[in-house]
Structures are given as C-alpha cells and as structure tokens.
Amino acid sequence: MSNLVEGRTGEWEVVIGLEVHAQVSTSAKLFSGAPTAFGADPNANVSLVDAAMPGMLPVINQECVRQAIRTGLGLNAEINLFSVFDRKNYFYADLPQGYQISQYKQPIVGEGTLRLDMPDGTTRDIGIERLHLEQDAGKSMHDQHPSKSYIDLNRTGVALMEIVSKPDMRSAAEAAAYVKKLRSILRYLGTCDGNMEEGSLRADVNVSVRRPGDEFGTRTETKNLNSMRFIQQAIDYEVARQIEIIEDGGEIDQETRLFDTGTGTTRAMRSKEDAHDYRYFPDPDLLPLVIDQSEVDELSAGLPELPDAIRDRLTSEYGLSAYDAAVITEERETAAFYEAASAGRDRKLVANWMTVELFGALNKSGESLGACKVSPEALGGLVGLIEDGTISGKIAKDVFADMFETGKDAATIVEEKGLKQVSDSGAIEAMIDEVIAANGDKVEEYRGGKDKLFGFFVGQVMKASKGQANPGMVNQLLRAKLDG
Amino acid sequence: MADLLSLSAVEARAALDAGEVSAPELTGAYLAAIEETGALNNYVAVTADKAMEMAEASQARIKAGEAGLIEGIPVGVKDLFCTAGVASTACSKILEGFTPTYESTVTANLWREGGVMLGKINCDEFAMGSANETSAFGPAVNPWQAADGADLVPGGSSGGSASAVAARSALLATGTDTGGSIRQPAAFCGVVGMKPTYGRCSRWGIVAFASSLDQAGPFSRTVADNALMMQAMASHDLKDSTSADTPLPDLMAALDKGVKGMKIGVPSEYVMDGMDSEVVALWEKGQAWLRDAGAELVEISLPHTKYALPAYYIIAPAEASSNLARYDGVRYGLRVEADSLDDMYGETRAAGFGDEVQRRIMIGTYVLSAGYYDAYYLKAQKVRRLIKQDFDTAYETVDAILTPATPTAAFPVGRKVDDPVTNFLNDVFTVPANLAGLPGMAVPAGLNADGLPLGLQILGRPFDEATLYSIGRVIEDAAAFDAVPSRRAGGAS
C-alpha cells in the first residue's frame, strides 16, 4: 500500500467510491420527445411532459435504453433484462413533476468492472456496483433578480446514466484515473460525449478514511463535481478534514457536502434533520422495462473495439510501450488515427512520431486532432520516407513542421524543397574530397591519432550536403578515405 | 320529433342519418335541458358556442355521408379530462382557470367520431370521493329525490356525469373510475356505466388520481348506447405506456348475443353485513333473469375480497400523493405568494386542495415513508396480486361475475361527509375490479321501496368487455328499467 496518508497519530487509508452522472447521447429526452441540444434559449427545449402539465405521461425513449445497455456491456457488466423505474419524490422549483423518475431497487445494469492503467504500466480493476437510467432536473438561477428565482427546464428530463463504483479507490489520483477511463469508454461507445464543462459528466465522490485493515469509516458525499481537478481537490480536502476530525477525537457525520470551486473546500449541504425521505415507489405510469437477450446480443455485436482491447493489441502485437499504448488509446479518434497512420509502416516509429511530434505540435497550437491538417496517411507517408532512407530523421522533423503548417504530404514537400537524401556514393565522395582538401592540417592530426576529429569531418560533409547526405554512407566513405 | 331528449344515442344516430332531426336541433335541446336542470349543479362549464359549432360541423358531415360513430351526439365531459381551450380543473381550486392547450386522447377520439361537446361536468375534486361532495364547485345533485323530497348525492367521483345522463342534460358522458367512480354513480342515478379493462382507454390528458387504477369509461342511459360510446373512445395510444395494444371486439355485435350457455359466477364473499336487504333481493332477481335467459349461475369464492378496500386505500393515496405533487404553484394554477419557496408550496397547497384531497395526500405520503413502506405499500401490493389471482382462478370456471353495484341506494347530500371511512365503504363492490384491472359494468336493475334506482354489476375477464355488454343487455331487457328521475318526471321524458 503506497497510498497511505500520514496523519499525526499514524497512517490512514483513504476509501473512495464515485457516482458518475453521464448524460446519455441522444437527440431526445428520456421520457419526452423534447430535444436535448445544449445552449438553447432558456425553456426552449421543454415539452408538456417536461413541464408536468396535468394528465401528461412519460414514454420511455428506447434509444436511451440501448445506450445504457451499450454502456453496461462496455463496463463488462451484467445487463438486467427486467428493471423498474421508480419515482424519487421531493419538492423543488426546477423539478416540475415533484418527483424524479429513476431506477432504485432494480437498475438496468448490475455489477461490472473497469480497468485502470497505472503509471507504472500495471493495471487495477475497479468494481462497478450498478448503472441506472434517470431524469435530470432543471436549473434554478438565483442571481437574475433581486427577489425571484428563474427556472430553466431545458435540462429537465434529459437522460442520465448514474454509474456507481464500488468503494475500490484509494487515492485522489486513482479516482481521477477512474473518471478519465470511464469517460474514455463512454466516448468510445458514443453513449456520452463526456463534456465536463457542459455538465455532460459530473461526479459525486464518497470519501472515508480508516486505519489500514479496519472496517470502513463513516463516509461523506460531495456532490456535483464537474472537472478532474475539482474531483481531486474535493477528495484531498475531505481526506485532510476527516483525518483531522478523527485525530482530534471527533466523529465524521454521514452527510452530503458541497464543493466550493473558489476555495477548494467542502461544506455541509444540509443537516441530518433536513434529510429527505424520497418515498421511492415504482412509477405506475411506466411498465417494468423488459429487454430481450437477443437485443443485448445484437448491441454487443455492434460495439466498437474498446480501449483496453486496443491497448493490449498495441503492446502485444505491435510491441508498443504501455505508456505509448495508453496515450494512443485514451481517445477513440487518436487510436483510429494511429491505426490508419501505422498500417504497413514501422508501428513503433509511427507511435513515436505521434506521441512526440504530433501531440507536441497539437499541444503547442491548441488544436484538436480532428482539426489537424496532418492526415493519418500523411504521417504514415512521412515515416515511410524515413524507413526507405529517402530522408533522415532530422530532415523529417523539418518536413513534419511544414506538413503541420500547410497540410501538404511529406513526399511533396521533400520534392519541392529538394530535401531528398543524397545516397549517390560519387557525389558524397566528391564532397568528402573537398572537405579533406580544405582541412589538410586536421587530416594530419587525425591520421596522427586524434580519432575524435572524425566527428568534425562528418559534420563538415553533412554541412556541405545541406544535411541531405545519407549519414550512414558518409560515415562509411569518410572512414575509408581518411584511414585509406 | 316531439321529445328529442327521450331518444337514446342509437335512436338519435338513426334519426340524424334519416334527416328526421338535425344535429344543431338535438344539441340545442340538450343545451336547453342543461339550463333547466341547473339546480343539479352538474355542469361546471357549459360550452354552448363550441357545442353549436361542433353540431353544425356534424350536420355537414352527416349530409356528406361521412358520419362518425357518435356523429352529432351531445356529450358531457367530466372535468378530469383536459380539453383544449376549455378550462380543465379536476374541480379543484388549485387548477382554477387552468386552460390546457391539448386535448385528452379519449375526448379527441370522441370528437373525431363526431361527438358534440356540451361542457365540463362536475366531479369530486381530483376524483377523490364517492358522493361528488368534494368538488370545489359544490356538490352535484342526483335527479332522483328521496321520498321526503331531500336532495340525494349522485355518487362519485363521476357524480355529475351520471346525474346529467339520468337528468337528460347529456345524452352520453365520460367518466373515470379509480375505485368505482363510474359504476357507483351509475347505480345511484339509474344509468349504465362501464369501467373498461385497465389499458383499454388512454389515460393521456386525464388528470391523474391513481395511475395504476384510473380508467376512463362511458355513461349512457342504455346498454347499446354504452357500447357505441365505448367503441368511440377506446384506442391504443403510444403516448400512454400502460395503454393496451389489444383490438376492441365489435361491441355492437355483442349486444344481441344473449347469455345462453354462459357460466356466471356469484361470489359468496359479496354478501356483507349491513347490506340493504333490497339490494340482496335485487341481486337474486338478477341471477334469476340470467338463469331464465339460459346462463348457468355458479357460486364462486373470491377469498381475498375483504382485503380489497384496505389495500385500495393504501395504493390509491400513495400514487395520488406523488401524482398531485406537480400542483405546486410554480408553473400553472393557483399560487399563494410567500417569503420562501417552501412556504409558497405550503400555502398554495393548503389553499388549493380541499380536505379530502389533503387527507389522501397525507395518507399516501405516510404509507410511502421510510419505515412504513414495507408494512403498508408493499403489503398492499401483495394483497393486490392475491385479489388478481382470485379472479384468475374464478375465470377458469366462469365467463363473468354478477354482484350488486353498491351496498345501498343513493343517500342524502351531506349525510356522511364527516365520516370518511363510511364513505369509503361505498366502493366495497367496485374496488376489486380496479385492483385487478378488470372490466366492470353497472346496469340499472330496479327501484327500491323509496323509488330509488339500484344497479347490478357485471365483472368480466381482461379485455372481454363484449361479454359484459351481452349480459348487460339481458339484464336491461329483463329489468325493463324505464323509470325517469323524479326531478325530470314533469317534462323531460
């Protein structure tokens, strides 16, 4: 256990479980036909059902069900062919029905696992407890008017998947890695866009501490964290706060807490006396959700290759390092780019060019891979030119810079700029002769035993060739002439 | 046509098609009848202009040979149905002035088949009541009077609908039935009321009381009219997830099938303490009529009957407490301003909901609360399954079941209003069908010694409404019920 936290009175183990709310990628809401597009004018995407007008009834959007099944399959989880929608009752101004339709006792997806890729190249399995479908609530705005609150129901009824982990994480870094991996899988599957800034992915973190080997401690739940950084900050703060309380002889209250993004601290959201009794019961407007195994099989057959499988293939078949493989497979687009660029090329060389040169350039320019002017085929072409000796690795870097700028392919740039490597032994010999003639004194010194001067001669010949001479041939011919 | 109001819907349809009467004439007669019977407080809104417009349109379709099933027939609509552009309040103060932009599926079906909307009809607030006394518009009154001339309740919750059909101020009317809200008022007012199988009529656009029990159904004066209206209002609706995709059989064809060879069950558990002896006598009479018509009467047992009422009074309020949460003063209906959101909720709901509705919301909230859910709600659901099993077992040997519709005839307005539990007992014969989702029909079968109507109830297999119409027609013929309510005996018949 390298994750233990040192307190004043000894070591503490941190226990973390996450509830991630992922907005289902669909064009319509979970139980109404209203659109889900982000950025619409307030209350533009609201149907009679969303506004809970009298007599309105929910009808399940089957695409949301399919997306939940796909996600369950992507998490190696059990798909429950029979599940039930329940009402979670509470009053709030942005909850028109007075209840949220959710799944309580019988969720659509049961236990599964998610594999974390650790920095040292090892992996670690985090248990998934369940995944269920539920409605999002609307948005209350309290800062628009001195005495009134404004309500925007655009999000009301949007489909969310609540993905609950087991309390298997032991550090803020692991929690962040979990969310990152979960986000990656969701994006591969196309079941959630993972856009944390727009609120498509939010996490509630359950944190407790205990002495190593003890029973679980009392946990707190910090709600609604919408960035990796906030997740880690909230956990770090909670861990320090809880250890201090316990070490001072106090007890942790099981409570819901809010994270203050300004100060990086958490505070109690409501006291136990105000705790809601949600009065869950099966929604009588909806029949139980019954799924046919054949539909699950069909969805399973249609799943894309997921990051773990690709990562395994890249390391075992292509011989990539665990690090390169993890970087390349984090996003589906990146993995697809790599597959296309490296087809028929030196796989490791392409991986190297992608992770170092391409990602470096993208980082610097702030562009996304999708907007990048270098196509997978063009990057493959560049590596091909290196492989067949047309250009040297050094020249290739210049060619790449040009490709990134203009979008031209490598061969064209090499052709236009005359960067082709000189491998004609006659031409190289002529250059060598010139260099020898111009540096008679150095030749004497070399021949007198000053071996280190060889590098000087190589440099001079390369300079004379404007970098285009084949370095291997220069080495070979130069040694022959000097040692003659 | 000397007396348009005496025509049944089937007769009126024939007269309209034959050109003996026009749709506007028929509608005009009913609008006049609504005025004459205003004291019964059956209508909470009369849409006279809309009615005449619709009647004119019907007349044009009749002339063009494009008449629908109920073309030109004046229909009253229980205020629980949302009707586009017409205030729809569930007879609650909390929905005062609420005018939907949408039309319930059932009423849309009726208008598509040519029905003419007369107006919105009084009912118990949110359909919670058995006497139509919880309405924010005041009680609707039964056109049948007590021997001493006292006003009687029409039953509930669809009391206004039953009363209007009996009083000839609507030829047909919609109702909803959650625990007997169609069948009990039909019996009290001497008209035919049908609660179809759960899922037969769409609940979309009907203000919800208890979603797993609510079903819309027709009121009429004759069994044939009832079948006609049923045919017009039922549909499979993709907007209601609990709507059944089961084709409706030809109900008009079922009317003359008779009961020869049918096995009809008589449940021994439906003999109850405190039951009116005249009700028992009528029940026996009904059995004799059916036996005479060729049916075999079989004693059956529905052993869990006595648990039906307690289970119902847990499940229905539980669902209601959640269904009525949307009436919160935020988006529509009544709002009482207050300093905080929670206070606004409290004050709005205290001012907007009547006592009975508040009572049921509190019961429902209680039975769903942590620590009580298993003891009440979950147990009630288990009882519900047992009741359904009772019927499943019975229907292995019988085709239908005959019971009284109510334990008593209509009672005086105001009599039992302070004793909610006694009022609940009105539903004792009707509630099991709702819990089991089965179709049930109330047919007027005679008068008691005080001259008040009594009804019989026929229960059937799921989606077998046709058999109920066959049996109902036999009872109707045998009973030859042609009495006219005392308050309409003067001119209307």
Side-chain angles (χ1 to χ4, degrees), chain A residues 30-33 43 46-62 84-101 104-105 138 140 142 147-153 156 274-290, chain B residues 80-82 88-90 95 98 100-102 104-105 126 199 202-208 210-214 237-243 315 318-319 321-333 339 341-342 344-346 349 364-373 377-378 381:
Chain A
L30 183 54
F31 294 110
S32 83
N43 296 308
V46 183
S47 76
L48 294 168
V49 175
D50 303 325
M53 301 305 279
M56 292 299 100
L57 299 172
V59 176
I60 185 79
N61 175 349
Q62 290 296 341
V84 174
F85 285 103
D86 297 282
R87 292 185 184 178
K88 178 181 180 178
N89 294 282
Y90 65 97
F91 283 90
Y92 202 62
D94 58 25
L95 186 75
Q97 293 169 140
Y99 53 84
Q100 175 197 33
I101 305 177
Y104 182 48
K105 287 188 178 158
S140 296
H142 305 296
S147 63
K148 293 181 196 297
S149 293
Y150 281 52
I151 307 294
D152 179 2
L153 298 181
T156 301
D274 295 336
H276 282 132
D277 179 353
Y278 290 117
R279 289 173 283 120
Y280 282 100
F281 76 109
D283 191 329
D285 285 332
L286 293 162
L287 301 172
L289 184 58
V290 179
Chain B
L80 216 61
F81 293 77
C82 288
S88 305
T89 71
L95 277 171
F98 172 69
T101 56
Y102 48 92
S104 81
T105 299
F126 285 102
S202 169
R203 293 184 297 110
W204 193 88
I206 302 173
V207 173
S211 310
S212 75
L213 301 159
D214 295 345
D237 185 0
L238 295 176
K239 290 187 289 186
D240 174 0
S241 308
T242 62
S243 169
I315 293 167
E319 294 182 11
S321 70
S322 177
N323 281 337
L324 270 58
R326 65 186 56 199
Y327 308 109
D328 58 5
V330 173
R331 298 169 312 287
Y332 49 79
D339 289 337
L341 181 63
D342 283 348
M344 188 278 280
Y345 286 148
R349 289 165 65 84
T365 303
Y366 180 83
V367 299
L368 289 176
S369 297
Y372 299 99
Y373 180 85
Y377 184 79
L378 216 54
Q381 290 292 9

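Proteins come first, then strands; the chains are lettered A, B, ... in the order of their sequence lines, and each starts at number 1.
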For A:D152, salt bridge (charged side-chain N to carboxylate O under 4.0 Å, His left out) partners two or more places apart: none
Which of the residues B:V330, B:D328, B:D240 is involved in the greatest number of heavy-atom pairs with chain A at under 4.5 angstrom? B:D240
Check each atom of B:L341 against the heavy atoms of chain A and say whether the ones under 4.5 Å are side chain, backbone, both or neither. side chain
Turns out that what part of A:Y92 lies under 4.5 Å from chain B's heavy atoms comes down to both
Taken in chain and number order and not counting sequence neighbours, the residues that satisfy side-chain hydrogen bond (donor to acceptor under 3.5 Å, both in side chains) with B:N323 are A:R87, B:S211
Which answer fits A:Y99, side chain, backbone, both or neither, if we ask what part of it has an atom under 4.5 Å from a heavy atom of chain B? side chain
A side-chain contact here means heavy atoms from C-beta on lying under 4.5 Å apart; do A:P54 and B:Y332 qualify? yes
Non-hydrogen side-chain atoms of B:Y373 and A:R279 separated by less than 4.5 Å: no
Tell me, side chain or backbone of B:L238 under 4.5 Å from chain A's heavy atoms, or both, or neither? backbone
Drop me the distance from A:M53's CE to B:R326's CZ, to the nearest 0.5 angstrom. 10.0 Å
Atom pair OG1 (B:T365) and CG (A:N89), whose distance is rounded to the nearest 0.5 Å: 8.0 Å
Given heavy-atom pairs under 4.5 angstrom as the criterion, report whether the side chain, backbone, both or neither of A:D285 touches chain B. both
Hey, which of A:P58, A:A93, A:P96, A:G98 has the most heavy atom pairs under 4.5 Å with chain B? A:P96
Could you tell me the separation between the CG atom of A:L286 and the OG atom of B:S241, rounded to the nearest 0.5 Å? 5.0 Å
Rounded at 0.5 Å granularity, tell me how far OG in B:S212 sits from CG in A:L287. 11.0 Å
Please state whether the side chain, the backbone, both or neither of B:A318 comes within less than 4.5 Å of a heavy atom of chain A. backbone
Portion of B:F98 that has a non-hydrogen atom of chain A nearer than 4.5 angstrom: side chain
Aromatic plane relationship, B:Y345 with A:F91 - under 30° parallel, 30 to 60° tilted, over 60° perpendicular: tilted
Given the rule in the side chain to side chain contact (heavy atoms under 4.5 Å, CB included) test, do B:R331 and A:L153 qualify, once you have shown the distances and angles that lead to the verdict? CA-CA 11 Å; B:R331 298 169 312 287; A:L153 298 181; 4.3 Å; yes
Turns out that what part of B:Y372 lies under 4.5 Å from chain A's heavy atoms comes down to neither
